[in-house]
Amino acid sequence: MFALVDGNNFYVSCERVFRPSLNGRPVVVLSNNDGCAIARSNEAKALDIKMGAPWFQIRHLEESAGLVGLSANFTLYGDMSDRMMSLAAGLGPTQEIYSIDESFIGLVGVRDVTRRARAIRARINGWVGIPCGIGIAQTKTLAKLANYIAKTAERKPGSYPEDLAQVCNLAALPASDLEAILMTTAVGEVWGVGRRIGLQLQEAGVNTVLDLIRLSPSTVRARWSVVLEKTVRELQGQSCIEMDDAPAPKKEIACTRSFGRPVRDLGPLIEAVSEFAGRAGEKLRMQHSVASEVQVFAHTSPFREGPKFSKSIVVPLRRPTADTSALVSAAVVGMRAIYQPGFDLIKAGVMLLDLVPDNIHQCELDLEGDDTKDRTRLMSAMDCLNGRFGKGTVHVASTGLDDHRREWGMKQERRTPQYTTKWAEVPIARA
DNA sequence: TCTGGGGTCCTAGGACCC
DNA sequence: TCTGGGGTCCTAGGACCC
């Protein structure tokens, strides 16, 4: 048995904890560059604002419907997530943190699950202030579905039986009730069925979850893929996706950004990829890996007219490393190699590839003097300073100075304070 | 004017080998 | 005129997730 605990409209809920005046209003949280909506309050969903809707297309609703758009404040969301996760962990013996707002809980040996889930939900709501939905079922895919039902039953009264709102335990339902529910749920809501596959299923006459459950796994495998076959088996109650409570280290690490405005010159591009390589290096060291290759890319907007440019290059490193200056040099070499003048570039990025644990050393003949130990200590000192005094306190010089940053830096015009992670921005309560 | 970022897994097809 | 069969490894691209 599995539970899925998922924060409702998570980013919006985080903002509302510190600005209760946002309750009851349509609110969206915007992606970097204030580009598009990545979280929506129920009121915003009711305005028919879609996930990923570009801000410039919906901002007229500020005037006409009282819509509030906020720049993403990921530092705040990460901290709120930690608090929520630690309480969710109380539901069962194992936890897999699946995303910033979701965790699976393994329920082996847990009794009275539904009642316990309601108690945990109340605790998260009371102590952290984030409303959650909890889905419980035989497999992970079914638990995801149960979670969807728990949230939808709450948000749209009448869509599902009232007593399934907030906490939905599919395993506790009589078979006939379960069937009725699956019959009214669209196949596209299933975890693992995206837009493409959803359309193909509908063309084949598979419209509801019940339709999908009734297909035979072998048919699904032959006609679609082993991936969808797994999904069908999971829906049929056969657990194929196990708990993963100690996630493996990442196989690649990326840092990519859209620019606040188009960039044409090599100078700012080099600054940008230098910074991205530095950030990626921090993540790399955090998981105790070294990278063997650095990939760099840049491209023009896929949405705008004008000459198109999109190139990437993989730069091999002389030996696997997590040293920021080596990563930055490689990124700069790559960018110089692919750069061509005359294009309005709107995005660039750095990816670290072929990652291996940093405790595996390839021995080599020492020809140039080995300063690896000093470099490692330097990197630790850098990470330590940046952790304590804030991102970017210490960085390599090719990242550029702050006043150049405006050339390519992000637009973030509507960001709220870092209420829980910066002393200067902690809210003050007045009696 | 204006459209995010960071991942994973699977498959098909090409390169290469004997 | 006419050119095998079987295998591995790698990469690019598609699909999905949040």
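Because the structure is a prediction, the values reported are computed rather than measured. Labels below follow one simple rule: chain letters A, B, ... track the order of the sequence lines, proteins then strands, and each chain is numbered from 1.
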Touch class at under 4.0 angstrom, heavy-atom based, for Asp101(A) against every strand present: sugar-phosphate
Nucleotide dG6(B), atom C1' - distance to CG of Leu353(A) in whole Å: 13 Å
Glu62(A)/Arg414(A) salt bridge by N-O under 4.0 Å criterion: yes
Point-to-point distance, once rounded to the nearest 0.5 Å, from NZ of Lys230(A) to CD of Gln238(A): 11.0 Å
Protein-nucleotide distance (Met51(A), atom CE; dG5(B), atom P), rounded to Å: 14 Å
Leu345(A) side, atom CG; His299(A) side, atom NE2 - distance, nearest 0.5 Å: 9.0 Å
Any Ser258(A) side-chain N or O less than 4.0 Å from OP1/OP2 of dT3(B): no
Touch class at under 4.0 angstrom, heavy-atom based, for Val314(A) against every strand present: nothing
Sugar-phosphate only, base, or nothing, as touched by Ser225(A) at under 4.0 Å among non-hydrogen atoms: nothing
Pairwise 5' ranking along DNA chain B for Trp55(A) and Ala254(A), keeping only the more 5' one: Trp55(A)
Separation of atom CD1 in Ile97(A) from atom C1' in dC18(C), rounded to whole Å: 15 Å
Which nucleotide in dC16(C), dC18(C), dG5(B) has an atom nearest any side-chain atom of Arg196(A): dC16(C)
Phe259(A) CZ to dC2(B) P, straight-line distance once rounded to whole Å: 15 Å
Short side-chain donor-acceptor distance under 3.5 Å, Asp323(A) and Ser325(A): yes
Residue Ile197(A), side-chain atoms from C-beta onward, closest of dG5(B), dA15(C), dC18(C): dA15(C)
Rounded distance (Å) that lies between atom C1' of dT3(B) and atom CD1 of Ile346(A): 9 Å
Sugar-phosphate, base or nothing in reach of Leu30(A), heavy atoms under 4.0 Å: nothing
Atom-to-atom span, CG of Asp354(A) to C1' of dG7(B) - whole angstrom: 17 Å
Separation of atom CG in Leu228(A) from atom P in dC17(C), rounded to whole Å: 11 Å
Sugar-phosphate only, base, or nothing, as touched by Arg257(A) at under 4.0 Å among non-hydrogen atoms: sugar-phosphate
5'-most by nearest nucleotide on DNA chain B - Lys283(A) or Gly35(A): Gly35(A)
Residue matched to dC18(B) through Watson-Crick or wobble contacts both under 3.5 angstrom: dG5(C)
Note: Arg223(A)-Glu203(A) ion pair, threshold 4.0 Å (strictly below): no
Sidechain N-carboxylate O distance under 4.0 Å for Asp344(A), Arg304(A): no
Candidates dG7(B), dC10(B), dG5(B) - which lies nearest the side chain of Val226(A): dC10(B)
Distance below 4.0 Å between Thr256(A) side-chain N/O and dG6(B) OP1 or OP2: yes
Sugar-phosphate, base or nothing in reach of Lys144(A), heavy atoms under 4.0 Å: sugar-phosphate
Residue Ile38(A), side-chain heavy atoms: nucleotide from dG6(B), dT8(B), dG4(B) that is nearest: dG4(B)
Sugar-phosphate, base or nothing in reach of Ile253(A), heavy atoms under 4.0 Å: sugar-phosphate
Below 4.0 Å: OP1/OP2 of dC2(B) and any side-chain N or O of Arg304(A): yes
Positive for salt bridge (Lys or Arg N to Asp or Glu O under 4.0 Å) with Lys140(A), one of Glu96(A), Glu102(A), Glu234(A): Glu96(A)
Sugar-phosphate only, base, or nothing, as touched by Lys230(A) at under 4.0 Å among non-hydrogen atoms: nothing
Atom-pair distance (CD1 on Ile49(A); C1' on dT3(B)), nearest Å: 15 Å
Candidates dC2(B), dG7(B), dC18(C) - which lies nearest the side chain of Phe56(A): dC2(B)
Sugar-phosphate only, base, or nothing, as touched by Trp191(A) at under 4.0 Å among non-hydrogen atoms: sugar-phosphate
